[in-house]
Amino acid sequence: MKISLNWLNEYIDLKDVSLDEILDKLTYAGLEVEEVDDQAANFKNIIAGYVVEAKKHPNADKLSLCKVSDGNEEFNVVCGAPNVATGQKIVFAKVGAVIPNGKFKIEKAKIRGEVSSGMICSERELNISENHEGIMVLDPSVKEGTPVSDILGLNDVIMEIAITPNRADALSHIGIARDLSALFNRPLKYPEINLSESDKKSSDLASVEIIDAVNCPRYIGKVVIDVQIKESPEWLKKRIRSIGSRPINNVVDVTNFILHEVGQPLHAFDLDKLSGNKIVVRSAGNDLKFTTLDSKERTLRPEDLMICDSKIPVAIAGVMGGENSEVTQSTKNILIESAFFNPSSVRKTAKQLGLSTDASYRFERGTDPEITVWAAQRAAGLIQETGGGQILSGEIDAYPLKLKRKETGLRFARIDKILGYHIDEKDVMAILERLGFEIKKKTDDGLTAVIPLYRHDVEREIDLIEEIARIYGYNKIPEVSKISVTLEEKVDHSAFVDKVRVVLNSLGFYEIITNSLLSDETANRFGKPVHVLNPQSSEMSHLRPSLLPGMLTTISNNLKVNEKDLQLFETGKTFEKISDSKIESFDDFTETEQLLVALTGNAVRTEWYDKDRQQDIFEMKGFVSSFIEVILPKVEFNFIASEEHSQYLEYCLSIKAAGQEIGYCGMIKKEICSLFDINQDVIVFMSDLNILKQVPVPKKSFKELLKFPKVFRDCAFVLDAGIGSERVIEVIKEHGSNLLHNVKLFDIFQSESLGSGKKSLAFQLEYYDFGGTLTEEEIEKIFTKTIKAVEQKFDAKLRGA
Amino acid sequence: MINRIDETRKSFDEDLLRVNDHASLEELRIKYLGRKGLVSQLFESLKDVSKEDKRVVGQALNQLKIHTQSRFDEVRDSLKNKDDISESIEDLSLSGRTHTIGSRHILTQTLDEIKNIFKGLGFSVYEGPELESDYNNFEALNFAEDHPARDMQDTFFVTDKFLLRTHTSPVQVRLMTDKKPPLRAIMPGKVFRNEAISAKSYCLFHQVEGLYVDTDVTFAELKGTLVAFAKQFYGQDVKYRFRASFFPFTEPSAEMDVWWQPKGKEGRWLEVLGCGMVDPNVLINVGIDPEKYTGYAFGMGVERTAMLKYGIGDIRILFDNDKRFLTQF
């Protein structure tokens, strides 16, 4: 909202206060000043000057050499304008001034051998018109030294203030002035209204009937007749322009002026266009098409509140007037509407129409039902002042639902309890009174305050405490220097995921965070997604049912910038519908925290010590094993080939621990990769973190260190190539007795020389006994038994035997 | 003779299994494939074989030669790297072998920093769902049904009663409903706003909510706690201010600004968090007596904070996950 400082000065005297102090106080009190346009600052060091003498420049035909006085001192100035002459009052930019047009700084210079200390300006240079024919010549009565901003009337400060939605009362100059009056403890002055009214009454020429009193508790009508519609006077146009609006005609400008003066939206009807000279306030009913004064046809709902004449609607209540009753150049007689509408009703109508006006903005936040009469009188007075005519006496005041001021108590001790700081009673009272609260009962312990009707945000004691605190100044309330720590149980919901991240980092994975919103098509490919009713775009209409699309998009984007070797992970929520029915409770969808780890490209790019190696499933199995060993210490787990997830996995290994699946890994199908323009293998590991988190972990306990030597035995078997190594290891372990502690596969070899369809697997077996040193015989016995078992089980042959 | 060939093959295979470095491979080569190795010796012996057996034995011998040579080559190749290294071991100027350590996303790092400061001040960490009920996100937090305050947060709706949470404040509601005071917790998480994606705004971001409810919690303590945070996070000499503001669920409400002074540019106040005393209506909604208990709450955006701290101008780069970006932090 734009607020003009000159305009504010009509209601509160702040002339002795610096601009910075005003801006700070407003901002601290919750009226945040976002931008400031200090017009006078643009004309700093630019003043009225007197041309004492103007003569031809000795070294240039087209230049003049002038002596310019600022009232105290004379300056040599070289001027190129043809119209400069001795005796003129001109606009003089002194050394140090910044010329508004072009923003260049005036410095002392030598022009064709003559010193020039300043510049005589044209209108264009001052940014006030396009005129650059010659210099701007001022009225001879202007005194030298007067700032040019005063002469031009460009001495206002325009503030852009952000008003929070609770502060409906501050949406006007008087509203801002009221806060300033409390902030500076100075009186607020309402403009006086002295109307000379005719004998005829407003109610003789018009009538008002309110049918829907709930949505229109009060409606004031006031009539002005024989008005001339014309251009507004300069002072009014200036006010309208200062807040960034365009002057239209006196009547429109007056209503606009009052809206910004006191916050009451007004509407002026052409009384002669109102059938039956009557206003009826009712819901739209069957009148569902209506053309507003911007010539647009609007579609209404039957329940939208309308201002009607005796036949048809003439305005959408609180939102916008109608074309059919608009004030035009030929209008003579005017009905001024000054009403109070139910905020929620205006909000619903405006929202439904997608139409927000200065009026609806204020009505939906809540206006002051008590200012309506004053505003109507003020409008009548100004319309007469600017357009003549007669003001009919009195107002038609339809007020079927009388709104009463409410009261609330305030305990002084409660202020201390909330703020942790004592504010003097005297200050408390002054603040409340300056803000318009009437103090009814006051005791040593507290008071009762009557709340003005423009404060829709104040109802309770706590609301008063906020008013007191924000005007007193938050920065004056000292912060505590120590706090007490309560000893209730401390919880950290994020600790597990934090650990997951750190472990993955240590394994060389970078964390990514991707968008939770996907397109319909992508989301549906990876699950049963929940969709958003009002998406920004079709690319982001569904919640992700899986972390995969985000990961694949990330890989794809990285490939485009030639980053091919990636080890990435993401943790985050995924969402799926449980059935096709509408979501009505938390049981109709799942929200789960997932982990997705991905590998792609090369594990190693050729180095002096190593050769190229691509990422593959074994790399992933290794990472997953290390990961689980840290995250779930001492928990046994294994990888089992699975047919699951075949819609996007080429092959899948399910990871089982404690009797359940805790995750799975596999390679993304080529056709899925190609959907994301990925032309290299992507290996993934996925896990539901809630499941992972709940896997029981055995308590850590110390185990005695081995005191006796370990014994190693190697063996290699030739067997069918189709036999999985893990099965062989299982059989070895099964027959290895409790002395066998480890089996390592250390070589795989396949060659025609072994026979077709055969391979050789070489194992190293590790034996030891916590109870003593093992003997050759003991080992040999078990080792031989184990070899036999493998030979029998897999029809294998021990190599080298 | 055939028996000798078979035995040699077997012993070769067995010996080969034990080869694990260049030296043992060389030993093996000398033993079998050297000029005076076992294979050569067998070829030598071929001249003693009878004419009629020569063809069969010769064939077997050739097979042995092929077998031993090819197996030897394989093992030698697999040890090649080790060879390279042992040959170049004297050049200590060679670079070390690389090992990658990944990193947490810069948003996570920033969040962790915030979390650690508050944990040090005795706060717990709670989380809550992102797909929330309208009740928890708005109603319980004192947002009236059709009050313009709802326009402050553009909302993605899933149904008329469910939505993507617009702030982490619903976790407050959950926490206060589940547990009784004293409650002191921060609640980090993802939130969503229905805004067009641009350099300045994204459809989602991360927030950290804070809450403290007990019998004697005051605005002065809220200020003290947040100032302590700002000093740890932005530096002990941070310049700050508190301004009055409006949030439906706190009263009095405030915003905290810190002075931001980029090098060589004009400084300015930047809003870093919103805060206030928990509105009595919120306490009533969760069944806590506002006469007995008071509380404060605050919330800050992680993206904004991280962007400020690391000089990131465009929020979108945070969600592009370009490796060249990820590896910077």
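This is a predicted model, so every value here is computed, not measured.
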Are A:Glu461 and A:Arg411 ion-paired here, with the side-chain N under 4.0 Å from a carboxylate O?
yes
Please look at A:Glu563 and chain B and tell me whether the side chain, the backbone, both or neither of the residue comes under 4.5 angstrom of a heavy atom of that chain.
side chain
B:Lys323 versus chain A, heavy atoms under 4.5 Å apart: side chain, backbone, both or neither?
both
Largest heavy-atom contact set with chain A, pairs under 4.5 Å, which of B:Arg241, B:Lys223, B:His105:
B:His105
Take B:Phe205 and B:Phe192 through the ring-ring contact (aromatic ring centres under 6.0 Å, His included) test and state the conclusion after the steps.
CA-CA 6 Å; B:Phe205 60 96; B:Phe192 297 80; 9.0 Å; no
For B:Glu130 and A:Glu591, the nearest pair of non-hydrogen atoms, with its separation, is N-OE2, 2.6 Å
For chain A, which of B:Ser95, B:Gly224, B:Ser70, B:Ala244 has the most heavy-atom pairs under 4.5 Å?
B:Ala244
Pairs of heavy atoms under 4.5 Å with chain A: top-ranked of B:Asp279, B:Asp257, B:Asp320
B:Asp279
Max heavy-atom pair count under 4.5 Å with chain A, selected residue of B:Lys179, B:Met187, B:Glu132, B:Glu255
B:Glu132
For A:Lys417, is it the side chain, the backbone, both, or neither that has a heavy atom closer than 4.5 Å to a heavy atom of chain B?
both
Checking A:Ala29 against chain B: side chain, backbone, both or neither under 4.5 Å from a heavy atom?
backbone
With distance as the sole criterion, is a donor-acceptor pair present between the side chains of A:Thr27 and B:Arg243 under 3.5 Å?
no
Is chain B contacted by the side chain of A:Lys482, its backbone, both, or neither, given a heavy-atom distance below 4.5 Å?
neither
Do B:Phe319 and B:Tyr202 have their ring centres less than 6.0 Å from each other?
yes
Sort out for me which of A:Leu568, A:Leu419, A:Thr164, A:Val532 touches chain B most, counting heavy-atom pairs under 4.5 Å.
A:Leu419
Top of B:Lys119, B:Arg184, B:Met277, B:Glu74 for chain A proximity - count of heavy-atom pairs under 4.5 angstrom:
B:Arg184
If you draw the axis of the six-membered ring of A:Phe749, does the NZ or CZ of B:Arg71 fall within 45° of it and under 6.0 Å from the ring centre?
yes
Under a 4.5 Å cutoff for heavy-atom pairs, which residue among B:Leu121, B:Leu16, B:Thr327 has the most contacts with chain A?
B:Thr327
Report the option among A:Ile465, A:Val561, A:Asp457 that has the most heavy-atom pairs separated by less than 4.5 Å from atoms of chain B.
A:Val561
Could you tell me whether B:Tyr212 and B:Tyr296 have their ring centroids closer than 6.0 angstrom?
yes
Between A:Ile512, A:Val480, A:Thr553, which has the largest tally of heavy atom pairs under 4.5 Å with chain B?
A:Val480
Give me the atom names and distance for the closest heavy-atom approach of B:Cys203 to A:Met540.
SG-SD, 3.8 Å
Do A:Lys351 and A:Glu364 meet the salt-bridge criterion of a basic N to acidic O distance under 4.0 Å?
no
If you tally heavy-atom pairs under 4.5 Å between each of A:Glu488, A:Arg414, A:Lys582 and chain B, the highest tally belongs to A:Arg414
Are A:Tyr474 and B:Phe242 an aromatic pair, judged by ring center distance below 6.0 Å?
no
Is B:His206 close to chain A through its backbone or its side chain, or both, or neither, when contacts mean heavy atoms under 4.5 Å?
side chain
Measuring heavy-atom distances to chain B, does A:Phe746 have an atom under 4.5 Å in its side chain, in its backbone, in both, or in neither?
side chain
